[in-house]
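This report refers to the structure that appears directly beneath it.
Please read these numbers as outputs of a predicted model, since none were measured by experiment.
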Amino acid sequence: MGAGIVVAGASMGGLRAAEQLRAAGWTGRITVVGDEPHMPYNRPPLSKEVLAGRAPFASLAFTPKASAADVEWRLGARIVASRLAERTVSLDDGSVLPYDGLVVATGMRPRRLGCPGPLTGRHTVRTIDDAQGLRDELTRPGARVVVVGAGFIGCEVAATAVALGVAEVTVVDPLPLPMVGPLGELLGRALLKRHQERGVRFALGTGVAGFAGEDRVTGVVLSDGTVLEADVVVESVGSVANTEWLDGNGLDLSDGVLTDGLLRVGGRPEVVAVGDVARFPNARYDGVPRRVEHWSIPTDTAKHAARTLVGTEQASFAPLPTFWSDQHEFRLQSFGAPALGKDDVRILDGDPEGDVLVGYHTGGRLVGVVALGGHAAATGAARYRAQLLKQPALTA
């Protein structure tokens with residue numbers, strides 16, 4: 001029996017890779033290696049339902065397809081090094097796994113602030129253990145919470161904390177509006193107003209200089225000298241790709257793992273990357289390699305990469321990115337790549353004061369839509385999906 005395929009990473013991307021390898025016709029050995037002790041589970045509920053106490057872990061776990069029942073899972077193990085020329089990976093227990101094919105699916109980890117101050121009382125939200133630990137702190141009577149970062153996770157955590165009855169919730173961000181990076185000013189202003197109306201405070205246009213306290217955090221020191229009292233701090237300041245184990249192989253690891261249009265890594269036909277660690281060119285748009293941290297990407301990349309690995313894929317990868325974000329009682333729903341069209345934003349339907357559907361354009365072409373509001377708004381965005389799929393490729 002050959003060495004088989006090693007899937008580095010046991011999150012959603014690793015699971016989907018194993019399933020899609022079977023679907024693509026691979027009948028040999030598949031070994032999935034992951035550093036968490038849990039089988040793959042759904043991460044988006046961590047900042048919402050899990051924090052709110054509405055979702056036990058059992059409800060998050062994915063059920064592998066029957067075709068992947070014979071996959072070997074090595075959980076609680078971490079890959080620490082690789083020799084791509086020799087087709088081996090090394091684990092933290094000293095063992096070495098040979099492979100015929102390798103799937104890079106090691107994902108991301110939360111970026112941490114390097115500011116001075118105590119560590120106790122500071123949290124991130126990436127794993128089930130992170131979310132459970134943070135929930136214990138949020139349910140303490142009179143808790144004062146500072147969320148650093150007004151992106152997806154930061155806004156979702158702030159909304160959940162308010163719903164839990166936390167005494168004070170303040171979001172800090174150096175940018176002038178929440179989620180202005182991916183969504184632009186129009187929706188950024190609408191989100192700010194909605195959060196403020198529901199009790200979330202904001203300190204925008206300023207960063208964090210340090211943390212007050214001795215044994216644990218008692219406050220957040222802003223770059224303008226203001227001190228926000230805090231019992232709990234949530235750091236939501238971006239992600240770092242888990243690529244250190246690939247060092248020394250001559251790869252471009254400057255932002256995740258660079259791939260070609262078939263999701264091959266370093267020009268090697270036996271190595272592919274999936275999920276948010278992959279930096280790939282999207283043939284649907286301008287061909288510039290980018291990482292995409294949306295829930296749909298692990299499944300989309302796994303399907304394409306599996307066919308590449310078994311030698312049946314010939315078309316360049318061209319996904320339609322999709323995301324949603326539930327905050328308070330409203331939802332953001334997006335199809336396409338709105339960040340590419342932030343310079344030409346048009347209201348397609350509705351009003352920012354209520355349900356609104358916004359279109360993002362490049363060169364007069366619609367490249368993304370985002371709905372903000374209730375079910376009707378999300379349904380409106382879905383109607384544009386077919387139109388986005390038909391859009392011709394953009395030139396670089």
Side-chain angles (χ1 to χ4, degrees), residues 3-21 29-47 50 57-58 60-64 68 71-84 87-99 101-112 119 122-134 153 235-249 251 253 255-257 265 271-279 291 293 295 297-299 301-302 305:
I5 293 176
V6 170
V7 180
S11 191
M12 181 182 178
L15 171 63
R16 297 295 181 242
E19 293 173 339
Q20 290 299 325
L21 282 165
R29 176 184 300 168
I30 300 175
T31 304
V32 183
V33 183
D35 57 0
E36 285 193 71
H38 312 291
M39 286 290 286
Y41 57 89
N42 200 17
R43 294 187 190 274
L46 296 180
S47 55
V50 173
F57 173 69
L60 305 184
F62 292 116
T63 301
V71 169
E72 177 186 359
W73 294 87
R74 296 190 61 166
L75 302 176
R78 185 167 60 92
I79 296 179
V80 295
S82 58
R83 294 179 181 271
L84 301 191
R87 299 192 180 188
T88 63
V89 294
S90 301
L91 276 58
D92 56 359
D93 62 4
S95 60
V96 177
L97 299 181
Y99 62 81
L102 176 65
V103 180
V104 178
T106 39
M108 313 296 290
R109 63 182 182 273
R111 188 182 302 279
R112 301 304 301 261
L119 295 176
R122 293 165 57 183
H123 297 261
T124 59
V125 182
R126 178 68 182 180
T127 69
I128 186 69
D129 296 327
D130 292 340
Q132 290 174 336
L134 176 57
I153 300 299
E235 298 177 36
S236 179
V237 291
S239 304
V240 179
N242 294 317
T243 58
E244 292 83 358
W245 63 281
L246 289 165
D247 287 343
N249 289 291
L251 303 177
L253 306 176
D255 179 21
V257 181
V265 175
V271 183
V272 294
V274 306
D276 49 11
V277 75
R279 177 161 51 100
R291 288 190 313 99
E293 297 186 34
W295 188 85
I297 289 300
T299 298
T301 51

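For the atom pair CZ of Arg16 and CD1 of Ile297, the computed distance is 14.0 Å after rounding to the nearest 0.5 Å. Rounded to the nearest 0.5 angstrom, Ser11 OG and Arg43 CZ are separated by 3.5 Å. For the atom pair OG1 (Thr124) and CD1 (Ile153), the distance works out to 10.5 Å, reported to the nearest 0.5 Å. The structure places CG of Asp35 at 9.5 Å from CD1 of Ile79, a figure rounded to the nearest 0.5 Å. To the nearest 0.5 Å, atom CG of residue Leu253 and atom CG of residue Asn242 are 11.5 Å apart. Between the CG atom in Asn42 and the CG atom in Leu46 there is a gap of 8.0 Å [rounded to 0.5 Å].
In this structure, Asn249 and Ser82 have side chains that are in contact, with non-hydrogen atoms separated by less than 4.5 Å. Using a 4.5 Å heavy-atom cutoff, the side chains of Asp93 and Arg74 are in contact. Residues Met12 and Thr299 meet the side-chain proximity criterion, which asks for heavy atoms closer than 4.5 Å. Between Leu134 and Val125, some side-chain heavy-atom pair lies under the 4.5 Å cut-off. A 4.5 Å side-chain heavy-atom check between Glu72 and Ile30 finds every atom pair outside the cut-off. With contacts defined as side-chain heavy-atom distances shorter than 4.5 Å, the pair Leu15/Val32 does not qualify. For the pair Tyr99 and Val7, the minimum side-chain heavy-atom distance is 4.5 Å or more. For the pair Val33/Leu97, a side-chain contact is recorded, criterion being any heavy-atom separation below 4.5 Å from C-beta on.
The two residues Ala302 and Gly13 have their closest heavy-atom pair at CB-O, 4.4 Å. The minimum heavy-atom distance linking Ala68 with Glu19 is given by the pair CB-CG, 4.1 Å. Scanning all heavy atoms of the two residues, the minimum distance from Val277 to Ala105 falls at CG1-CA, 4.4 Å. Residue Ala131 comes nearest to Val50 through the heavy atom pair CB-CG1, 3.6 Å, listed as atom of the first residue, atom of the second, then distance.
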Verdict with reasoning, Arg83 to Ser90, per side-chain hydrogen bond (donor to acceptor under 3.5 Å, both in side chains) = CA-CA 8 Å; Arg83 294 179 181 271; Ser90 301; over 6 Å; no
task = Please test Val80 against Arg78 for side-chain contact (heavy atoms from CB on, under 4.5 Å), starting from the C-alpha separation and ending with a verdict.
result = CA-CA 6 Å; Val80 295; Arg78 185 167 60 92; 3.7 Å; yes
task = Please report the C-alpha distance between Leu102 and Ile5 in whole Å, then the side-chain angles of each, then the deciding distance to 0.1 Å, and finally whether the side-chain contact (heavy atoms from CB on, under 4.5 Å) criterion is met.
result = CA-CA 6 Å; Leu102 176 65; Ile5 293 176; over 6 Å; no
key: side-chain contact (heavy atoms from CB on, under 4.5 Å) between His38 and Ile128, intermediate numbers included   = CA-CA 9 Å; His38 312 291; Ile128 186 69; 3.3 Å; yes
task = Begin from the C-alpha positions of Thr127 and Asp129 and carry the test side-chain hydrogen bond (donor to acceptor under 3.5 Å, both in side chains) through to its verdict.
result = CA-CA 5 Å; Thr127 69; Asp129 296 327; 4.8 Å; no
message = Between Val104 and Val274, is the side-chain contact (heavy atoms from CB on, under 4.5 Å) condition met? List the steps.
response = CA-CA 6 Å; Val104 178; Val274 306; over 6 Å; no
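Remark: side-chain polar atoms of Thr301 are paired, donor with acceptor, to backbone N or O of Gly275 under 3.5 angstrom.
Using a 4.0 Å cut-off between a side-chain N of Lys or Arg and a carboxylate O of Asp or Glu, Asp276 and Arg126 qualify as a salt bridge. Using a cutoff of 4.0 Å between basic side-chain nitrogens and carboxylate oxygens, Glu244 and Arg109 are scored as salt-bridged. Glu235 and Arg122 are joined by a salt bridge, as a carboxylate oxygen and a charged side-chain nitrogen come within less than 4.0 angstrom of each other.
The ring of Phe57 has its center closer than 6.0 angstrom to the ring center of Tyr41.
Here Leu75 pairs with Ala10, Met39, Trp73 under the side-chain contact (heavy atoms from CB on, under 4.5 Å) rule; sequence neighbours left out.
At a cut-off of 3.5 Å, with distance as the only test, no side-chain donor of Ser239 or Arg291 sits close to an acceptor on the other residue.
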